[in-house]
Amino acid sequence: MTDQGDAFASLRFDQDGLVPAVIQDADSAAVLMVGFMNAEALRLTRETGRTHFWSRSRGKLWRKGETSGHEQIVQDIYVNCELNTLLVSVTQFGAVCHDGYPTCFYRRIEDDGSLIVVRDRWFDPATVYGSEQTGTKAPDLQRATREWFGAYEYLRDNDLSADSSTSRRLRPGEPAVDNRIADELRELAGVLDGSHRHQSMGEDLLLEGSQVLYWIALAAVREGISWEALRLDIALGTGDGELPPNSTAKLLRRDADSWDAGASGDRSARLHATTALVGQACRSAGVEPSELIATDLHDLRSQPYLTSYFASTEDASGDA
């Protein structure tokens, strides 16, 4: 194998500062989609391990899965002989196409020029995307995650350290929690591959999945990342039910390694992507991700020091 220098520095962007990026499934080698990357999208793709693109129609950067939760985890990046096209090998969560298909290339051109659909549709776009302006997707999970996340914001904004270790962890100067996210991701992976098991897979998944979400919430709240930026409901609400538990466990361990190595780049995107992996762990184990939030909400509501917070959420819902 010959090292030919820094290929990324030698990339030949077109007159608009773009290179086409062919996205390929790492397991099946199927071509999933084609997008365009500018230098910033490529940088974010490399730093976060999630594909980013430049939208020519909207004139803005976008991350695959930011609305649907259908993340692409980058495995390898290749460049062609002319250094003007990228081939990105990914592990895909959920469907790729905005029309609800597993690949954007779901139609074949017949000899007479007509189009025939050759793939099964995986989801209804109206259900997944709803209105991007108003956020109509999964209203129950949306409300539950807002309420759940708000409890941690309340513990940050009110010093209840005497009663709550969580409130103490949210005080300025407390140690970073990235390594705790990594540790819990590995325990969640162990639940899926059988190396970390206490009771049934479902019971252990609720326990360890809730622990990952706990540290994700602490990281986000401490850094001032809002629910709107994190969109837990979207991250948890999608996934591939056909992905085997062992395969998901490998993804969780890889993500844990990246947290240990230092999660740079867009922190909200990073936390969103890890939340999506927790949702995928649920899907692989046949557990509804909303159960994680419901379980933790039940525990939070039982804490006397949060009585005022939950009373305020009930008042707000009544006013609505």
Side-chain angles (χ1 to χ4, degrees), residues 63 65-71 93-94 123-158 160 164 166-167 170 202 205-239 241 267-269 271-283 285-320:
R63 186 184 82 254
E66 63 187 2
T67 299
S68 66
H70 295 172
E71 297 277 345
F93 287 107
F123 69 84
D124 180 358
T127 300
V128 169
Y129 297 106
S131 168
E132 294 187 13
Q133 300 301 317
T134 59
T136 58
K137 179 181 175 289
D140 292 338
L141 188 56
Q142 184 180 114
R143 283 192 294 271
T145 54
R146 276 186 182 275
E147 186 177 25
W148 176 82
F149 192 75
Y152 292 100
E153 291 178 316
Y154 180 86
L155 291 171
R156 175 198 62 195
D157 298 339
N158 297 271
L160 302 173
S164 167
T166 297
S167 186
L170 291 169
L205 189 141
L206 286 175
L207 172 64
E208 302 300 347
S210 293
Q211 283 296 306
V212 180
L213 292 184
Y214 172 80
W215 293 106
I216 286 174
L218 261 61
V221 169
R222 284 176 53 169
E223 296 171 32
I225 297 172
S226 66
W227 179 92
E228 287 78 10
L230 197 55
R231 287 311 299 262
L232 294 159
D233 58 325
I234 293 175
L236 288 173
T238 58
R267 291 282 288 186
S268 61
L271 291 163
H272 175 99
T274 297
T275 303
L277 277 178
V278 175
Q280 178 58 54
C282 292
R283 294 274 186 262
V287 174
E288 179 56 45
S290 61
E291 291 184 43
L292 294 177
I293 300 297
T295 299
D296 205 21
L297 266 177
H298 176 76
D299 292 339
L300 290 168
R301 287 195 182 102
S302 69
Q303 305 303 325
Y305 51 81
L306 285 173
T307 299
S308 296
Y309 166 72
F310 284 108
S312 69
T313 63
E314 291 172 4
D315 291 342
S317 62
D319 291 341

What pair of heavy atoms forms the shortest contact from Ala220 to Leu230, and how long is it?
-> CB-CD2, 3.9 Å
Looking at Asp299 and Arg301, does any basic side-chain N land under 4.0 Å from a carboxylate oxygen?
-> no
Here the pair of heavy atoms bringing Ala281 nearest to Leu205 is O-CD1, 3.4 Å
For the residue pair Ala276 and Glu71, what are the closest heavy atoms and their distance?
-> CB-CG, 3.9 Å
First locate atom CG of Leu160, then atom CG of Leu306, and finally report the distance between them rounded to the nearest 0.5 Å.
-> 7.5 Å
Side-chain H-bond candidate by donor/acceptor type, Thr166 with Tyr214, under 3.5 Å = yes
The side-chain contact (heavy atoms from CB on, under 4.5 Å) partner of Ser210 among Leu292, Val278, Ile293 is Leu292
Thinking salt bridges, do Glu223 and Arg156 make one under a 4.0 Å N-O criterion?
-> no
Any chance you could lay out the side-chain contact (heavy atoms from CB on, under 4.5 Å) test for Gln142 and Ile234, step after step, and finish with the verdict?
-> CA-CA 8 Å; Gln142 184 180 114; Ile234 293 175; over 6 Å; no
Dump the intermediate steps for side-chain contact (heavy atoms from CB on, under 4.5 Å) on Val221 and Ile225, then the final yes or no.
-> CA-CA 6 Å; Val221 169; Ile225 297 172; over 6 Å; no
Quick check: does any side chain N or O of Ser167 sit under 3.5 Å from a backbone N or O of Asn158, one acting as donor and the other as acceptor?
-> yes
Applying the ring pair (Phe, Tyr, Trp, His ring centres under 6.0 Å) test to Tyr152, which of Trp148, Tyr154, Phe149 qualifies?
-> Trp148
Side-chain touch Phe310/Glu147, heavy atoms, less than 4.5 angstrom | yes
Minimum-distance pair of heavy atoms, taken over all atoms of Gly279 and Pro289 | O-CG, 4.0 Å
